[in-house]
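No hydrogens, no waters, no symmetry mates; every other heavy atom, side chains included, goes into these values. Here is the naming used below: chain letters follow the sequence lines, and residue numbers restart at 1 for every chain. Only a predicted model underlies this, so the values are computations on that prediction, with no experimental measurement involved.
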Amino acid sequence: MTTPPPDDLVRAVEAALFAAGEPMSAEAIGAHLGGADVRGALLELARHYDGRGIHLVERGGRWHFQTAPDLAHLLRREKEDVRRLSRAATEVLAIVAYHEPVSRAEIESIRGVQTAKGTLDVLLEAGWVRIAGRREVPGRPVIYATTADFLTHFGLESRRDLPGIDELRAAGLLDPVEDALASAMEAGDEQAASPDEESAD
Amino acid sequence: MTTPPPDDLVRAVEAALFAAGEPMSAEAIGAHLGGADVRGALLELARHYDGRGIHLVERGGRWHFQTAPDLAHLLRREKEDVRRLSRAATEVLAIVAYHEPVSRAEIESIRGVQTAKGTLDVLLEAGWVRIAGRREVPGRPVIYATTADFLTHFGLESRRDLPGIDELRAAGLLDPVEDALASAMEAGDEQAASPDEESAD
Amino acid sequence: MSELIDGPAITLDDDWQGVGTAAAPDDAALYLELDGWEGPLDLLLDLARRQKVDLRRISILELVDQYLTYIERATELRLELAADYLVMAAWLAYLKSALLLPREEQPDPSPEELALRLHLRLQRLAVMRDAAARLMGRDRLGRDVFLRGAPEGLRVERKHKWQCDMFALIQAYGQVKARTAPVVHMVRDRMVMTLDSALSRVSSLLGVNLDWMELRDFLPPHADPRLKRSALASSFVAALELARLGKAELRQEETFGPLLLKGIRA
C-alpha cells in the first residue's frame, strides 16, 4: 500500500501549502519555492489526496488543503446532554410565554421572587426565549419573548394554544394549597437556575 | 501511482488531526470520533506520510502533522515565530529536561549561579516547563518538569529521546555531585575514577 | 592578558545571547567578558576547556592558576569584580596550597576530594551546556518544521439539551399565579348535605330498616370525603331532630362509640 515517494518539488509544494496561512496561487507557491513551475506538482498532489481525508482544492485560482466535505460532521461535533429545566427556569419560561414581551423586572414582579441572571441565560441557551428588543421606558430594559423553537418543542401551533387561566383553574393548577406545598418542597430550587446545576432526570 | 483509498476511520483520523488546532492524543481523537480505537489508523497514517512533504508525528503521546524537517530551508520564514531564549534560559531548560523533576536549588547548584527570577518564568510562560509539585523535604521546594508542549516543540517523542540522555545517565552525570563523589571515593583515590562521558569540545 | 581573553569567551550557540564582546577598548573588554560569564563556575569551565584536553584529564592545579591569574589581572585593572568571583579565588588559593602540601599534612576533607568535587561540578555543567546546545539545534517547531498554517479547528460544541414538558410549564405558571394572586377569602362552593336532605334521607332509611343501624351507615357510600363529613354532620343533627320528634331512638354504648339509631313505628 505504499506509494512511490513523491519527488522533491511535490513534497515542497505539499509542505508549503500545508504551512501556509491562506490559500496560495500557483505563482505564489512557485515564487516561494525559488521560481519553480508548480502546476504539475499541484495536479499530482490533488490526485494523490483525492479520496483521502484531506483534499487539495483550487478555488478562484488559489490552492489550499481542506478536510474532505463528507467528514464535516465528524469534525464539528455537538455533544448533547439532556437536562431537566429547573423549577425556577420553568416558571420564568411560563411567564415569558404568557406575558411576552416581558422585561426581567416584570418577570420578577409576576413571580414575586428575584430571578437569577442564569435563569434567563438557560432559557436563551435552550433557544426557547429570545431578546425581543428593549422597552421604550426609562432604563430601556431588555424584553424577552418566546421563539419558534419554543412552540415546536411544546407542540404548540401558536401561543394562543396555551391554556387560559380559567382552564388552569379548572384543572386544579391554581390550587393554592398544593402550590404552598410544592413551593415549600422546592424551596431552594432558585439556585438550580444556573445552567451547571445538575438536575435529576 | 495511486494508493488504495484509505478506510473511513483512517480518513476521519487524518481529517481530524489535519483540522485540529493542536496536537491530540489517540484517546482524544478517538473520543472525538465517537469512541473509536484509532491507534491502528494513526500508525497507518504515519506510514503513509513517511517520505511525503508532511509527516505525522507523535510527541509526548500526542499526534500532529508537521512539515518534513528536510524542507526547513524552503519554508523558513522571514519572521521566525520561534522564541529566542537567553543562554541562561536554554541551560535551565536543559537541566529541567534532563533532571526532572528538579528544584530551583538543584538547578542553581548545577549552574553554579543564582537563577534570575525571569529565567524560569520565561520557560513557564512558553509552556515548556511546568510546576510539578513540591519535593517532600524540609522547606518543601517547588519542583519543575517539562511539558508535552516542550516535547512537541523540540520534536521529541518522549524524554527518552533527549539527545544523549541514556549515556549521561549511565555515566552518572545526571546524579548529584554528592552521589558521584561518594561512589568515586569508594572506587578509589584516583581522580578520574568516574566513567566520564565525552564532554569537552 | 591577551592569551586569556582572546578567542571566543564561550562557545556560543546561535540562540545564546548576553555576551557583549563587540569591539570594545582593552580595559573594558575584560570587564565585559567577566560580565558575560555567569559566575565563577562558568569562567572556570571556560578556562578548563582552553586546556584543550578532555575535561576528564584537566589539571586542577593549572586551572586554579589560570583563574587566579585572571582575577589578579582584573584587580590590577581595578575592575569591579562580583563578590562570588573573589570568594572562588580565595577558595581556589586554599585548594592550591592544600594540594601542594605533603600528603601527611593534608587537612580533612582532603584536597583531592575538594578537587574532585570541583571537577564533578564542571563536568555536570559542561554536559548540560552541551545538552542545551543539542536541544536548541533540533528541528524546532516554528523554525524548522511547521504546523498547519490555517487549521479549521476541531470543535466539540457542548450543548445542553433542556427538557421541559407542557404540563410542567402550565403547572409552573399556575403556581406562580396562585402564589402571587391577591389573597381574597372566598367561601367555596362546596359539596354539602343540607339538613333538609339529611332529614329526608335518614327518615326514609329508618322506614325500611327495623334493626339498630349505625349513623355512618346512613351516609352516601361513594361520596367524596368532604361530602361525607358534611353528610355525617347533617345526619347527626337529623338523627337528633328525629329523636326529638319521637320518630327515632338513639343509643351509644360508650363515649365516642358508634351512634346507633332505630326507627319508632308510630
| field | Per-residue contact mode, Asp70(B) against chain A (heavy atom under 4.5 angstrom) | value | side chain
| request: Let me know if Ile54(B) has heavy atoms under 4.5 Å from chain A in its side chain, its backbone, both or neither. | output: both
| query | Should the heavy atoms of other residues, nucleotides or ligands under 6.0 Å from CD of Gln114(B) be counted, would the total exceed 12? | reply | no
| task | Could you tell me how the ring of Tyr49(A) sits relative to the ring of Tyr49(B): parallel (under 30°), tilted (30 to 60°) or perpendicular (over 60°)? | result | tilted
| Over all atoms of both residues, closest heavy-atom pair of Ala15(A) and Leu75(B) | CB-CD1, 3.7 Å
| Top contributor to chain A contacts, counting heavy-atom pairs under 4.5 Å, from Ala68(B), Ala16(B), Gly53(B) | Gly53(B)
| said: In the structure I gave you, are the side-chain heavy atoms of Arg52(A) and Leu45(B) within less than 4.5 Å of one another anywhere? | reply: yes
| query | Atom OG1 of Thr67(A) and atom CD of Glu14(B): how far apart are they, to the nearest 0.5 Å? | reply | 10.5 Å
